Amino acid sequence: MVYKSPFGGEIAIAVRHLLLPPEDPEAQARALRLRELGIEDKPVPEFDEFARELAQRTGGCYAGVNFFVDENRQYFAGLYSAASDTTVELESPLLEDPVPGRVMPRDFDIGFCPHVVRRRKALVLEDVRDYPRYAGNHVIDAIGIHSYLGAPLIDRTGMVLGTICVVDQDPQPWGHQGLETIKTMAAELVERIERSEHG
């Protein structure tokens with residue numbers, strides 16, 4: 001998406017810099033930590049069920065447990081579609097079909113989870129089109145995503161492993177309740193993951 005400014009070129013340049021994605025200096029260390037935890041790029045039934053619960057509690061049409069498994073990919077080890085009331089088995093990259101798959105590039109203009117990982121805090125977008133930083137994201141047109149709610153998965157070492165997220169094809173008034181719900185569920189999932197590490 002091209003943002004045109006009526007105020008002249010200097011403002012337009014400033015806007016483009018505002019929209020540039022931040023870098024992720026923890027990418028390699030994160031991939032190593034995920035391997036230590038035994039988290040790989042494969043579906044996990046427990047995470048699928050967690051995604052189902054997340055969608056049902058927040059009212060989103062899709063929900064996921066998303067790990068940044070390497071420097072190039074996001075992988076949804078847990079994924080749920082409310083439309084068919086089923087976990088999603090697709091292995092194709094997200095943008096090949098207008099249906100979420102488990103694999104996504106980790107570019108900041110493809111999905112919103114990379115921003116959550118970099119921010120290290122939850123992100124609430126009740127209508128993504130209202131935010132210039134996110135309004136040009138490819139998933140808006142590719143899958144019709146218009147609202148997003150996500151929270152980071154931060155382990156005891158302080159590493160952001162990935163996110164849990166829920167999206168919808170309509171604007172949603174997530175509000176404070178939605179924010180607290182997803183933050184609480186993120187903390188619960190991290191606790192489960194760490195228990196399995198020591199189990």
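Heads up: numbering here begins at 1 and tracks the sequence. Remember, it's a predicted structure, so these values are computed and weren't measured experimentally.
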ring-ring contact (aromatic ring centres under 6.0 Å, His included) evaluation trace for Phe112 with Tyr131: CA-CA 12 Å; Phe112 307 104; Tyr131 301 87; 9.7 Å; no
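- Within a 6.0 Å radius of CD in Glu36, other residues, nucleotides and ligands contribute more than 12 heavy atoms.
- When the side chains of ILVMFWY residues are joined at heavy-atom separations under 4.5 Å, either directly or via intervening members, Val167 and Val116 end up in a single hydrophobic cluster.
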Could you walk me through whether Ile39 and Ile193 pass the side chain to side chain contact (heavy atoms under 4.5 Å, CB included) test, one step at a time? CA-CA 9 Å; Ile39 296 173; Ile193 292 170; 4.2 Å; yes
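- Using modelled atom types, one side-chain atom of Arg119 and one backbone atom of Ala122 make a donor-acceptor pair closer than 3.5 Å.
- Here the closest heavy-atom approach between residue Val69 and residue Ala31 is recorded as O-CB, 3.5 Å.
- Both Tyr148 and Tyr62 sit in one connected hydrophobic cluster of ILVMFWY residues. Membership requires side-chain heavy atoms under 4.5 Å apart, directly or through other members.
- Annotation for Ala77 and Arg102: closest pair O-NH1, 3.3 Å, computed over non-hydrogen atoms.
- Ile164 CD1 to Leu153 CG: the interatomic distance, rounded to the nearest 0.5 Å, is 6.0 Å.
- Rounded to the nearest 0.5 Å, atoms CZ (Arg33) and OG1 (Thr157) are 5.0 Å apart.
- To the nearest 0.5 angstrom, Glu126 atom CD is 13.5 Å from Asp170 atom CG.
- The OH atom of Tyr75 lies 12.5 Å from the CG atom of Asp70; values are rounded to the nearest 0.5 Å.
- Arg118 has its side chain within reach of Pro25: a pair of non-hydrogen atoms, C-beta onward, lies under 4.5 Å apart.
- Gln169 and Ile143 get closest at one heavy-atom pair: NE2-O, 2.9 Å.
- A pairwise comparison of heavy atoms in Ala186 and Ala151 identifies CB-CB, 4.0 Å as the closest pair.
- Within 6.0 Å of CD in Glu180 there are more than 12 heavy atoms belonging to other residues, nucleotides or ligands.
- Checking side-chain atoms of Glu194 against main-chain N and O of Arg156 turns up a donor-acceptor pair under 3.5 Å.
- The backbone N or O of Gly158 lies less than 3.5 Å from a partner atom in the side chain of Arg120, making a donor-acceptor pair.
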Could you walk me through whether His146 and Ile140 pass side chain to side chain contact (heavy atoms under 4.5 Å, CB included), step by step? CA-CA 6 Å; His146 286 159; Ile140 295 175; 3.9 Å; yes
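- Hydrophobic clustering, with ILVMFWY side chains joined whenever heavy atoms are under 4.5 angstrom apart, keeps Val190 apart from Val160.
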For Trp174 and Thr58, what are the C-alpha separation, side-chain angles and deciding distance, and is it a side chain to side chain contact (heavy atoms under 4.5 Å, CB included)? CA-CA 8 Å; Trp174 305 117; Thr58 58; 4.0 Å; yes
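- Interatomic distance, Met104 CE to Phe76 CZ, rounded to the nearest 0.5 Å: 5.5 Å.
- A salt bridge between Arg195 and Glu191 is present, with a side-chain N of the basic residue lying under 4.0 Å from a carboxylate O of the acidic one.
- Remark: Asn137 CG to His115 NE2 distance equals 6.5 Å, nearest 0.5 Å.
- Two different hydrophobic clusters hold Val166 and Phe68 under the rule that ILVMFWY side chains link at heavy-atom gaps under 4.5 Å.
- Side-chain heavy atoms closer than 4.5 Å link hydrophobic residues (I, L, V, M, F, W, Y) into clusters, and following such links, even through other members, never connects Leu37 to Ile154.
- Taking all atoms of both residues into account, the shortest heavy-atom contact from Glu71 to Arg106 is O-CD, 2.6 Å.
- Side-chain contact check for Gln172 versus Leu149: every heavy-atom pair is 4.5 Å or farther apart.
- When all heavy atoms are compared, the tightest approach of Leu79 to Asp48 is N-OD1, 2.9 Å.
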